[in-house]
Amino acid sequence: MKITTIILAAGKGTRMHSALPKVLHKIANKSLLRHVYDMCSQLENHDIKIVYGHGAELVRESLTDLQAAWIEQKQQLGTGHAVQQVSDQIADDDVVLILYGDVPLLKLSTVKALLANVNPQSMGLLTVELDNPTGYGRIVRNSVGQVVKIVEEKDASVSEKHIHEVNTGIMAMYGGKLKKWLERLTNNNSQSEYYLTDVIEMAVMEGVDIVTGQPETAEEVLGVNNRIQLSQLERAYQQEQANFIMARGVTLKDPLRFDLRGSIASLGQDIEIDINVILEGKVSIGNNVIIGSNTVIKNSIIGDHVEILANCVIEDVVIGRGSRIGPYARLRPETVLGEDVHIGNFVEIKKSSIAKGSKVNHLSYIGDAVVGSNVNIGAGTITCNYDGANKFGTIIEDGAFIGSDTQLVAPVVVGKNATIGAGSTVTKDAPGNQLTLSRVKQVSIAGWQRPVKREK
Ligand code: UD1
Ligand code: CA
């Protein structure tokens with residue numbers, strides 16, 4: 001059986017009050033439409049059609065990598081009208097699945113269960129019981145519980161408004177049937193729109209069974225219409241991810257203050273994550289790792305027994321086993337730290353490798369450098385890697401000791417076991433095993449008097 005999924009994404013999203021089309025707003029740093037796409041693209045033997053309209057250019061430009069056919073709905077005349085735009089691309093024996101671009105948390109398992117209800121005599125409809133059904137289409141059933149029709153809030157009678165079972169909009173049926181029903185839609189209703197929901201009554205008239213299914217949780221089928229709902233779904237999504245990683249052996253000091261905006265490539269055991277930690281992109285974390293509060297880690301690999309203290313920002317970095325980072329450290333892209341490296345407070349490392357056992361503990365900038373093992377870089381050391389036009393590298397070989405407040409003017413090499421005296425400006429290579437210093441000789445002037453304030 002071939003499945004054609006139609007994702008409806010043409011709506012304006014007026015209540016977002018945004019220049020950005022609604023489906024491009026994000027949950028966990030991924031657009032609503034991409035959430036829907038990523039979920040349904042896991043279906044086999046499957047084609048995806050996206051009906052877009054409002055903010056057309058922006059939507060297509062931001063999602064050029066999607067393997068989908070884009071169908072423009074120039075005027076938004078209703079959900080039925082939106083699906084009609086795809087009619088001529090649907091084969092009679094396709095199973096058509098209707099999804100919404102602004103319902104981002106729907107699960108694959110729910111969709112599969114819905115599809116299992118589709119056969120030539122029946123179609124699947126996803127419904128949900130809501131405490132407050134206001135605004136949704138209501139599911140009207142007969143005395144023996146069979147679905148008879150869907151009535152929109154604005155067209156509902158007083159008694160129909162009391163129904164708590166609502167239409168999620170998500171449904172699946174054979175293409176041949178759907179196409180026939182779409183042709184017969186009219187806009188004789190309070191909104192003068194072509195309602196997709198009217199196909200339900202047509203199906204019933206034809207003797208097609210409406211098999212309803214429910215999602216595991218209501219969040220799965222909630223749509224985003226405003227920024228309050230966007231934030232609610234963001235939290236629901238984050239809570240679910242927090243539960244997932246806790247189930248795999250991570251201690252979260254507070255799951256409500258943890259955010260994963262991407263994916264975890266691999267996860268060890270006995271990881272402890274303090275509050276307000278954000279993981280972005282693809283992150284791998286080894287065993288026995290501690291991550292302090294207010295830390296952001298993006299696209300990085302953290303080895304076993306690493307301790308990251310509070311308030312660090314780490315991006316595109318590899319951190320070797322047993323290293324200790326922070327507090328207040330910034331590790332920038334293309335930084336590779338070996339085992340047992342210590343990076344302390346107010347230290348910035350960019351595009352540098354630092355080998356086993358080396359320490360940069362205080363107030364330093366290390367950029368475009370290759371640092372060997374067991375090197376000690378004193379407080380306030382700066383690699384001057386940029387002359388205003390080009391970047392240059394610094395090499396610091398094994399066992400070197402860089403005194404505090406040193407400037408290493410690149411390109412420059414500090415040899416093995418070299419010592420640099422504090423306060424030096426190193427402009428030429430410093431040989432191994434020697435003391436290099438560029439300090440002005442210290443003098444003391446005996447009998448020197450401090451200036452005194454002049455009388456006015
Ligand atoms: C629709 C359903 C309602 C259901 C609710 C669930 C109809 C007539 N009503 O109502 O029963 O309870 O969803 O959220 O189907 N869209 C287009 N083109 C259009 C109109 C809409 O692509 O011309 C898209 C929107 O971008 C959105 C989806 O279809 O993703 C739903 O549209 P919306 O206007 O929000 O429908 P509701 O009135 O909420
Ligand atoms: Ca809606």
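Each ligand, and each atom within it, is numbered from 1 in the order the structure gives.
When each atom of ligand 1 is checked for a heavy atom of Thr197 under 4.0 Å away, the hits are 7 (C), 8 (C), 9 (N), 11 (O), 15 (O). Interface of Ala82 with ligand 1, defined as ligand atoms under 4.0 Å from a residue heavy atom, comprises 17 (C), 18 (N), 22 (O). Ligand 1 places these atoms under 4.0 Å from at least one heavy atom of Leu77: 23 (O). For ligand 1, the atoms sitting less than 4.0 Å from at least one non-hydrogen atom of Glu152 are 2 (C), 3 (C), 7 (C), 8 (C), 9 (N), 10 (O), 11 (O), numbered in the order shown with element in parentheses. Taking every non-hydrogen atom of Ala10 and a distance limit under 4.0 Å, the qualifying atoms of ligand 1 come out as 17 (C), 18 (N), 22 (O), 26 (O). Proximity to Gly137 (heavy-atom distance under 4.0 Å) selects the following atoms of ligand 1: 3 (C), 4 (C), 11 (O), 12 (O). Listed by atom number, the atoms of ligand 1 under 4.0 Å from Tyr195 heavy atoms are 8 (C).
Donor-acceptor pairing under 3.5 Å is recorded for the side chains of His25 and Ser18. Between the side chains of Ser192 and Asn187, no donor N or O sits under 3.5 Å from an acceptor N or O.
By the 6.0 Å contact criterion, NZ on Lys30 is enclosed, its count of non-hydrogen atoms from other residues, nucleotides or ligands being greater than 12. In the displayed structure, Lys351 atom NZ is contacted under 6.0 Å by at most 12 heavy atoms of other residues, nucleotides or ligands. Annotation: Gln269, atom CD; neighbour count of heavy atoms from other residues, nucleotides and ligands within 6.0 Å does not exceed 12.
Taking only non-hydrogen atoms, the option from Gly11, Gly13, Gly169 nearest to atom 26 (O) of ligand 1 is Gly11.
Heavy-atom distances between Val166 and ligand 1 stay at or above 4.0 Å for every pair. Distances shorter than 4.0 angstrom do not occur between any heavy atom of Val51 and any atom of ligand 1. Under the 4.0 angstrom criterion for non-hydrogen atoms, Gly78 is in contact with ligand 1.
Tested against Met39, the residues Leu99, Thr5, Leu105, Thr110 include a single side chain to side chain contact (heavy atoms under 4.5 Å, CB included) partner, Leu99. Screening Ile150, Val211, Asn117 for a side chain to side chain contact (heavy atoms under 4.5 Å, CB included) with Leu125, the sole residue that qualifies is Ile150. Of the candidates Glu160, Glu129, Glu153, Arg138 forms a salt bridge (charged side-chain N to carboxylate O under 4.0 Å, His left out) with just one, namely Glu153.
Looking at ligand 1, you won't find any N or O of Gly135 less than 3.5 Å from one of its N or O atoms. Annotation: Asn167 places an N or O atom under 3.5 Å from an N or O atom of ligand 1; distance criterion only. Taking only nitrogen or oxygen atoms, main chain and side chain alike, Thr79 reaches within less than 3.5 Å of ligand 1.
Between Asp274 and Arg257 there is no salt bridge, since no side-chain nitrogen of the basic residue lies less than 4.0 Å from a carboxylate oxygen of the acidic one.
No part of Val23 comes within 4.0 Å of ligand 1, judged by heavy-atom distances. Within the 4.0 Å heavy-atom criterion, neither part of Val103 lies near ligand 1. Counting heavy atoms closer than 4.0 Å to ligand 1, residue Gln73 contributes side-chain atoms (C-beta onward) but none from N, CA, C or O.
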| task | Evaluate the criterion salt bridge (charged side-chain N to carboxylate O under 4.0 Å, His left out) for residue pair Asp93 and Lys2; output intermediate values, then yes/no. | result | CA-CA 8 Å; Asp93 53 0; Lys2 183 168 159 277; over 6 Å; no
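Using the six-membered ring where Trp is involved, Trp70 and Tyr52 have ring planes that are perpendicular, over 60° apart on the 30 and 60° scheme.
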